[in-house]
Colleague: 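Dropping a structure here in structure tokens format, bear with me for questions.
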Number of protein chains: 2
Amino acid sequence: MFNHIVMKRAYSDAIPDEWKSMSRVFSALGDEHRQRILLSFDPGEQLNVGQIASLSTLSRSAVSHHLKILREAGVLASEKRGKEVYFWIDRLHLEQALATVLDYVRRSA
Amino acid sequence: MFNHIVMKRAYSDAIPDEWKSMSRVFSALGDEHRQRILLSFDPGEQLNVGQIASLSTLSRSAVSHHLKILREAGVLASEKRGKEVYFWIDRLHLEQALATVLDYVRRSA
DNA sequence: CCAACATGTCCAAATACTTAAACATATCGC
DNA sequence: GCGATATGTTTAAGTATTTGGACATGTTGG
């Protein structure tokens, strides 16, 4: 008995695991400067911090801050090569995160 | 001649039209309270402001603020029925916005 | 080793966002 | 119309984010 009673998930419950990843992606890409950084990449292109900063209207320091947020969100990936740090779009992670939300939305009909 | 020279899109250029819509979706869903609101909806469910506020830990006023942002971003749609305003997930708009980014990411490989 | 360069980090000021109370508007039942 | 209810708006304070300069660290070439 009571099997037919489905408690509504409490608003204050933890955000589902698969949403935590998407959450950071959303926050990261909710900023216009960070969107511009993402759009700076041509297909397959890798850019170092100096290149990204020179395209930007912000200080190198501010760009570095945004790159950190994008990397931690899994929007970009990076690797140090010599003196430089190269960034590229983390295609797989982004696809997975977006697919999670798309899946939720499609089930919501 | 010069056809082979492809100017890099300036960082400060306008964000492409199809991105403006996604931009607001990202900003809207970059906030944990607004994510919780989105996750409050069962499939096909419609909730009014009072119901959403009662699920929330925030004041009704703050919830109203977040609902406005979610509606303006096209995450939720709403309709007034009598005294109440009902909200639901704007499935089509969300799908389209997410598909735009997914498409960009897939072309970025 | 050392000078030049690329990047990251720390910090304080500027800016933007969030919050909740008070108030305003609209709708309903009687 | 009137009181009760539901929601939106304004506002001011609190909080968080963003920014760029100064400094620290790591790397390379000579």
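Keep in mind that this is a model prediction, so the values were computed, not measured. Numbers restart at 1 for each chain; the letters A, B, ... are given by sequence-line order, proteins then strands.
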Colleague: State the CG-CG distance between Leu58(A) and Leu55(A), to the nearest 0.5 angstrom.
Modeller: 11.5 Å
Colleague: Roughly how many Å is it from CD in Gln46(B) to P in dA6(D), rounded to a whole number?
Modeller: 18 Å
Colleague: Can you name the residues that form a side chain to side chain donor-acceptor pair (under 3.5 Å) with Gln51(A), not counting sequence neighbours?
Modeller: none
Colleague: Could you give the NE2-to-C1' distance, from His65(B) to dA13(D), as a whole number of Å?
Modeller: 15 Å
Colleague: At a heavy-atom distance below 4.0 Å, which nucleotide of DNA chain C is the first touched by chain B, and which is the last?
Modeller: dT18(C) to dC28(C)
Colleague: Going by the rule side chain to side chain contact (heavy atoms under 4.5 Å, CB included), which residues pair with Ser54(B) if we only count those two or more places apart in sequence or in a different chain?
Modeller: none
Colleague: Rounded to the nearest Å, what distance is computed from the CG atom of residue Leu70(A) to the C1' atom of nucleotide dT17(D)?
Modeller: 15 Å
Colleague: Taking only residues two or more places apart in sequence, or in another chain, which ones meet His65(B) in a side chain to side chain contact (heavy atoms under 4.5 Å, CB included)?
Modeller: Ile69(B)
Colleague: Over how many whole Å does the gap from Lys68(A) atom NZ to dT18(D) atom P extend?
Modeller: 13 Å
Colleague: To the nearest Å, how far apart are Glu84(B) CD and dG8(D) P?
Modeller: 11 Å
Colleague: Rounded to the Å, how far apart are Gln51(B) CD and dT5(D) P?
Modeller: 17 Å
Colleague: Sequence neighbours left out, what passes side chain to side chain contact (heavy atoms under 4.5 Å, CB included) with Ala99(B)? Give chain and number order.
Modeller: none
Colleague: Without decimals, in angstroms, what is the distance between Glu32(B) CD and dA16(D) P?
Modeller: 13 Å
Colleague: Would you mind telling me which of dT9(D), dT18(D), dG8(D) lies closest to the side-chain atoms of Val85(B)?
Modeller: dG8(D)
Colleague: Where the side chain of Asn48(B) is defined as all heavy atoms beyond and including C-beta, which of dG20(D), dT18(D), dT7(D) is the nearest nucleotide?
Modeller: dT7(D)
Colleague: State which residues pass side chain to side chain contact (heavy atoms under 4.5 Å, CB included) with Glu95(B); sequence neighbours excluded, sorted by chain then number.
Modeller: Leu102(A), Val105(A), Arg106(A), Arg91(B)
Colleague: Strictly under 4.0 angstrom, non-hydrogen atoms only: write out the protein contact profile of nucleotides 21-30 of chain D, one letter per nucleotide from the 5' end, B, S or -.
Modeller: B----SBS--
Colleague: With sequence neighbours left out, write down each residue that passes ring-ring contact (aromatic ring centres under 6.0 Å, His included) with Phe26(A), or none if nothing qualifies.
Modeller: Phe26(B)
Colleague: Within this structure, what is the CG-to-C1' distance between Leu67(A) and dT19(D), rounded to whole angstrom?
Modeller: 14 Å
Colleague: We want to know whether His66(A) and Ser56(A) form a side-chain donor-acceptor pair, criterion being a heavy-atom distance below 3.5 angstrom.
Modeller: no
Colleague: Side chains of His93(A) and Ser21(A): any donor to acceptor distance under 3.5 Å?
Modeller: yes
Colleague: Hey, could you give me each pair passing salt bridge (Lys or Arg N to Asp or Glu O under 4.0 Å) that has a residue in residues 57-79 of chain B? Not counting sequence neighbours.
Modeller: Glu79(B)-Arg81(B)
Colleague: Over the length of the helix from dC1(C)-dG30(D) to dC30(C)-dG1(D), how much do the five-pair end axes diverge, rounded to 10 degrees?
Modeller: 40°
Colleague: Identify, with sequence neighbours excluded, every residue that meets side chain to side chain donor-acceptor pair (under 3.5 Å) alongside Gln96(B).
Modeller: none
